[in-house]
Amino acid sequence: MNPWALLLGQASWAVIGPVLDRLDSDLRRRVLDGSLPERGAIVSYVVGHGSVACRTALAQNGAVSVATLRRLAEDPAAEVAAELLRNPRTPRDVMLRAMAAHRMDREAIAAAEKLPQREVYALVEAADPEVVAPAVRALRFRHTYPAGPAVLARALLNLWRLAGREAAEQAYGTAAALPETVAERFADAFAARDGRAVLGRLIEHEGRTQLVVDRLRSVAGRLGPMSSTYDGSQAVLPRLVLLAPHEPLRWDLVRREHRLAALAPDAVAALGGEPDCPGWVRDDLRGDTRKPPVHTRSQSERTRLRQDAYRQLAALTVGMRDGELRRAYHEGLVPAGEILARAPSAHAALAVFAATTGPRLDEARTAVNRLTGHFLGAETEAWAVALRLLADFGGTLPELLATARAAAG
């Protein structure tokens, strides 16, 4: 959890909303960035009651949970829908809901070929043929994008329904080169009297669970073109496979395949975000990866780690190395309250807990809550001042909170 979110997350809903509204857009994005607890106060407020600006900022967060993205998509404003379509974690069911609310200007449509493939996959679902046709030209089919033919079939079927056979065939003529065996199937569709039905069967064939699993294996370890921030990462490619149309996954087959030969971690993470993924499959896919490491340090090693941690704590400022302090906190050797009270930088103190989860995060939140309750209470302006000062304040967290309270009057 980022330092700003860890701080504001201790406020009540009655405070969180007015505070977020007082912040400028850059600081609001900082608060709503990074890993945030799905049922934490900030996410719960923003999803249920936040302004369009707040929900848009949350939809931009590439680390937010898939469950949160689904909640944002329940009734999205156009601005929120646009960010959901850009978010690299957005699964297919959220993409389809967001497309219904998305409004795309003509310049963006004309520049479809410059968009990341994940956004192109969304455009093929549009209800406007003038959006779908440019998306067909923008689709790519090289080995990095093994699900491209399934998306093309979906695009052509959608365009056929919207504008007729001729429009679909014309758009197909503008598509990038396909593998020969796949190209033959599309040629068959346009030659057949029941061409739409042929395309439908092609989508069914390309969306079989076994093919989805095979594609997840084929993109393991690959990078997309680095010209695109989203496409140029290993984590995005498995999600791109699952953005293509596919049948409701047969989870027994997925589980069996994973047990025969383990899927890559990024593929496992992507599968866990599917809307119908059963809990028992999700747990089985993750295996032992969620188990905390077992610490077997000797007493002398624990003493040395604790001493090193306190030395780091005494001089802790933003940008300084804090690895020993984080490890010591994780192993229960330094309490959260001491870190917050003694670190010379409030921001650096809160950053110690950035990657913390479970009971250790609960301990940190309790310690922060104790301080904010004492210094800030329900004073909205004091909370806003504290967040504005946090990045550059040269003092401990209690000193920051006292300064914010005094500045707010």
Side-chain angles (χ1 to χ4, degrees), residues 1-51 53-55 57-58 61 64 313 316-318 322 325 329 334-357 359-409:
M1 185 184 296
N2 75 70
W4 292 270
L6 180 54
L7 184 60
L8 182 60
Q10 311 319 309
S12 66
W13 274 20
V15 169
I16 289 175
V19 168
L20 287 173
D21 290 341
R22 278 172 163 79
L23 304 180
D24 62 43
S25 59
D26 287 341
L27 186 51
R28 188 185 300 119
R29 276 194 294 270
R30 284 187 182 182
V31 173
L32 298 176
D33 190 32
S35 179
L36 299 172
E38 180 185 328
R39 298 297 177 184
I42 294 177
V43 170
S44 295
Y45 172 81
V46 170
V47 171
H49 305 280
S51 65
C54 287
R55 285 183 285 129
L58 188 59
N61 186 344
V64 77
L313 178 58
L316 189 64
T317 55
V318 176
D322 63 356
L325 181 55
Y329 175 67
V334 181
E338 283 201 50
I339 295 173
L340 298 173
R342 297 172 60 170
S345 163
H347 181 279
L350 292 169
V352 169
F353 312 110
T356 305
T357 59
R360 291 298 180 202
L361 178 58
D362 292 340
E363 179 189 339
R365 292 166 71 178
T366 299
V368 175
N369 183 273
R370 192 176 297 117
L371 291 171
T372 56
H374 174 72
F375 286 103
L376 304 182
E379 296 295 326
T380 301
E381 184 57 26
W383 281 92
V385 171
L387 291 168
R388 294 188 192 109
L389 293 177
L390 180 58
D392 302 313
F393 187 78
T396 66
L397 181 61
E399 290 168 344
L400 166 69
L401 300 179
T403 300
R405 179 61 181 263

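Quick caveat: nothing in here was measured; it's all calculated off a predicted structure. In this chain, residues are counted from 1 in sequence order. Heavy atoms only: backbone and side chains are in, while hydrogens, waters and symmetry mates are out.
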Rounded distance (nearest 0.5 Å) linking atom CG of Leu325 with atom CD1 of Ile339: 4.5 Å

Given Leu316 and Val352, is the side-chain contact (heavy atoms from CB on, under 4.5 Å) satisfied, shown in steps? CA-CA 10 Å; Leu316 189 64; Val352 169; 3.8 Å; yes

How many angstroms lie between CG in Leu350 and CG in Leu400, if you round to the nearest 0.5 Å? 8.5 Å

Tell me, do Val15 and Leu376 make a side-chain contact under 4.5 Å, heavy atoms counted? no

Polar side-chain atom of Arg405 near backbone of Ala382 as donor-acceptor pair, under 3.5 Å: no

Contact check, side chains of Arg365 and Leu6, non-hydrogen atoms, under 4.5 Å: yes

Closer than 3.5 angstrom, by distance alone: can the side chain of Glu338 be matched with the main-chain N or O of Pro335 as a donor-acceptor pair? no

For Ala386 and Leu401, which heavy atoms make the closest approach, and how far apart are they? CB-CD2, 4.3 Å

Run the side chain to side chain contact (heavy atoms under 4.5 Å, CB included) test against Thr357 and tell me which residues pass, sequence neighbours left out. none

Do any N or O atoms from the side chain of Trp383 and from the backbone of Gly377 form a donor-acceptor pair under 3.5 angstrom? yes

Measuring from Leu361:CG to Thr366:OG1, what's the distance to the nearest 0.5 Å? 9.0 Å

With a 6.0 Å cut-off (strictly less than), is the heavy-atom count around CG of Asp26, excluding the residue itself, greater than 12? yes

Let me see the working for Ser51 and Asp21 under side-chain contact (heavy atoms from CB on, under 4.5 Å), right down to the final yes or no. CA-CA 8 Å; Ser51 65; Asp21 290 341; 3.9 Å; yes

Atom pair CD1 (Ile42) and CG (Leu58), whose distance is rounded to the nearest 0.5 Å: 9.5 Å

Is any side-chain heavy atom of Leu340 closer than 4.5 Å to one of Phe353? yes

Where Thr396 and Glu399 come nearest, the two heavy atoms and their spacing: N-OE1, 2.8 Å

Spacing of CG belonging to Asp392 relative to OG belonging to Ser345, to within rounding of 0.5 Å: 9.5 Å

In terms of heavy-atom contacts, Val385 and Ala407 come closest through CG1-CB, 4.1 Å

Close side-chain approach of Val43 and Arg39, heavy atoms under 4.5 Å: no

Should Cys54 and Tyr45 count as side-chain neighbours, where that means a heavy-atom distance under 4.5 Å? no

Closest heavy-atom pair, Ala41 versus Trp13, reported as atoms and distance to 0.1 Å, is O-NE1, 3.3 Å

Looking only at non-hydrogen atoms, find the nearest pair between Gln10 and Asn369 and report the distance. O-ND2, 3.4 Å

Is a side-chain N or O of Arg29 found less than 3.5 angstrom from the main chain of Ala57, in a donor-acceptor match? no

Check ion pair Asp33-Arg30 (N to O, under 4.0 angstrom): no

Looking at Thr356 and Tyr329, what are the two nearest heavy atoms and their distance? CG2-CE2, 4.1 Å

Using the rule given for side-chain contact (heavy atoms from CB on, under 4.5 Å), can you reason through Asn2 versus Leu32, listing the C-alpha separation, both sets of side-chain angles and the distance that settles it, and then say yes or no? CA-CA 9 Å; Asn2 75 70; Leu32 298 176; over 6 Å; no

So Leu20 and Leu8, side-chain contact (heavy atoms from CB on, under 4.5 Å) or not? Walk me through it. CA-CA 9 Å; Leu20 287 173; Leu8 182 60; 3.9 Å; yes

